[in-house]
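Sharing a structure here in structure tokens format.
Note that ligands are numbered from 1 as they come in the structure, with each ligand's atoms numbered from 1 the same way.
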Amino acid sequence: MADRILVFYGSYRSDRQGIRLARYLVRALQERGAAAELIDAKQVGLPILDRMYKEYPEGEAPGNLEQLAVKIREADGFLFVTGEYNWGMQPGLKNLTDHFLEEWYWRPAAIASYSAGRFSGVRAANAWHGTLSEMGMVVISSALAVGGIGQALDADANPVGDGGAALNRAFPRFADDLVWWIEAARNQRARMPPPY
Ligand SMILES: Cc1cc2nc3c(=O)[nH]c(=O)nc-3n(C[C@H](O)[C@H](O)[C@H](O)COP(=O)(O)O)c2cc1C
């Protein structure tokens, strides 16, 4: 069965650029044979956190929360596409992730950061690393970092210029690492049920 990988992206801006990277990654994973799906926080449209998914009585969570919970539980791995706002995380994506906890457990996660400038959103990536670990994911050590996001991909999410070429060069090893850990986690879950 194809690896089920959810690709999360969380900018709510009208003129958002990172969506191109998210779409590129979904497509590139699909081309490798994975069942990759984009989870666009803006489209999911969760409100600022009131109740976590688990705080709703069974069957009473709002539809978008319930559907996302099912997808997260069924996924083999996660990819977080993270932009940087003032050296920190984008709040829309953080808000979405905070709605869940146990649903994330026992799977690997990868981080692909980006920004308009040359630092490629690495400060946000650093923040995400600890947060994803706290939420029970094993964060892989390979990271993708795309600077000059406005120039690296065109409107159809095709890589362009030097930035696009660098992305194309870096992607295979990054994906190999994520898929290796997906396989490892799947085998381990089958061999021994998670301890809690
Ligand atoms: C509120 C805000 C804060 C930003 N802060 C940073 C920053 O700290 N570091 C950085 O490299 N770029 C920063 N930028 C530029 C973003 O990297 C750039 O706008 C990027 O396209 C944002 O992602 P998005 O288009 O997917 O929303 C900031 C942009 C906004 C709107």
Less than 6.0 angstrom separating the ring centers of Phe80 and Trp104, yes or no?
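Aromatic pair counts; centres sit under 6.0 Å.
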Atoms of ligand 1 close to Gln17 [distance to a heavy atom under 4.0 angstrom, numbered from 1]
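Once the distances to Gln17 are compared, the set is 21 (O), 24 (P), 25 (O), 26 (O).
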Heavy-atom distances under 4.0 Å are what count here, so tell me which part of Tyr9 touches ligand 1: side chain, backbone, both or neither.
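Answer for Tyr9: side chain.
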Contact check: Gly18 vs ligand 1, nitrogen or oxygen atoms, below 3.5 angstrom:
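Yes; at least one N/O pair falls below 3.5 Å.
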Just to be sure I'm reading this right: ignoring hydrogens, which of Arg16, Arg20, Glu84 gets closest to atom 7 (C) of ligand 1? Compare them by their nearest heavy atoms.
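Result: the heavy atom closest to atom 7 (C) of ligand 1 is in Glu84.
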Do Arg189 and Arg107 have side chains that approach each other closer than 4.5 Å (heavy atoms only, starting at C-beta)?
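Side chain of Arg189 against side chain of Arg107, heavy atoms only: contact under 4.5 Å found.
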Fit a plane to each ring of Tyr9 and Tyr114, take the angle between them on a 0 to 90° scale, and name the class: parallel (under 30°), tilted (30 to 60°) or perpendicular (over 60°).
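Because their plane-to-plane angle lies in the 30° to 60° range, the rings of Tyr9 and Tyr114 count as tilted.
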Below 4.5 Å, heavy atoms only, C-beta onward: do Asp176 and Arg32 meet side chain to side chain?
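They are in side-chain contact.
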Does Glu37 form a salt bridge (Lys or Arg N to Asp or Glu O under 4.0 Å) with Lys71? I'd like the steps, not just the answer.
CA-CA 10 Å; Glu37 180 181 344; Lys71 286 183 185 184; 2.5 Å; yes
Output the list of atoms in ligand 1 that are nearer than 4.0 Å to some heavy atom of Ile149, sorted by atom number.
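By the 4.0 Å cutoff, the relevant atoms are 21 (O).
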Would you find a donor on one side and an acceptor on the other, under 3.5 Å apart, between the side chain of Gln90 and the backbone of Gly10?
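The answer is no, because no donor-acceptor pair under 3.5 Å joins these two groups.
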Just which atoms of ligand 1 are under 4.0 Å from any heavy atom in Gln90?
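Matching atoms, with element in brackets: 23 (O), 24 (P), 26 (O), 27 (O).
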Any atoms of ligand 1 less than 4.0 Å from a non-hydrogen atom of Ser11? List them with their elements.
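Listed by number with element, the hits are 24 (P), 26 (O), 27 (O).
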Any idea which atoms of ligand 1 are less than 4.0 Å away from a heavy-atom of Trp87?
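With Trp87 as reference, the close atoms of ligand 1 come out as 7 (C), 8 (O).
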By the definition side-chain contact (heavy atoms from CB on, under 4.5 Å), identify the one residue from Leu79, Ile111, Leu167, Val81 that meets it with Leu144.
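Considering Leu79, Ile111, Leu167, Val81, a side-chain contact (heavy atoms from CB on, under 4.5 Å) with Leu144 is found only for Leu167.
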Where on Arg13 is there a heavy atom closer than 4.0 Å to ligand 1, on the side chain, on the backbone, on both, or on neither?
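Contact part for Arg13 vs ligand 1: side chain (C-beta onward).
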Any N/O of Tyr85 closer than 3.5 Å to an N/O of ligand 1?
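Such a contact does occur with ligand 1.
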Tell me the nearest of Asn86, Val122, Val81, Ile19 to atom 5 (N) of ligand 1, using heavy-atom distances.
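Nearest heavy atom to atom 5 (N) of ligand 1 lies in Asn86.
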Aromatic plane relationship, Phe171 with Tyr24 - under 30° parallel, 30 to 60° tilted, over 60° perpendicular:
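Perpendicular, since the angle between the ring planes exceeds 60°.
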When the aromatic ring centroids of Trp106 and Tyr196 are compared, is their separation below 6.0 Å?
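Ring centres of Tyr196 and Trp106 closer than 6.0 Å.
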What part of Tyr114, side chain from CB on, backbone N/CA/C/O, both or neither, has a heavy atom under 4.0 Å from ligand 1?
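Just the side chain.
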Taking distance alone, with no angle check, do Ala116 and ligand 1 share an N/O pair under 3.5 Å?
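Looking only at distances, the answer is yes, because the N/O contact criterion of under 3.5 Å is met.
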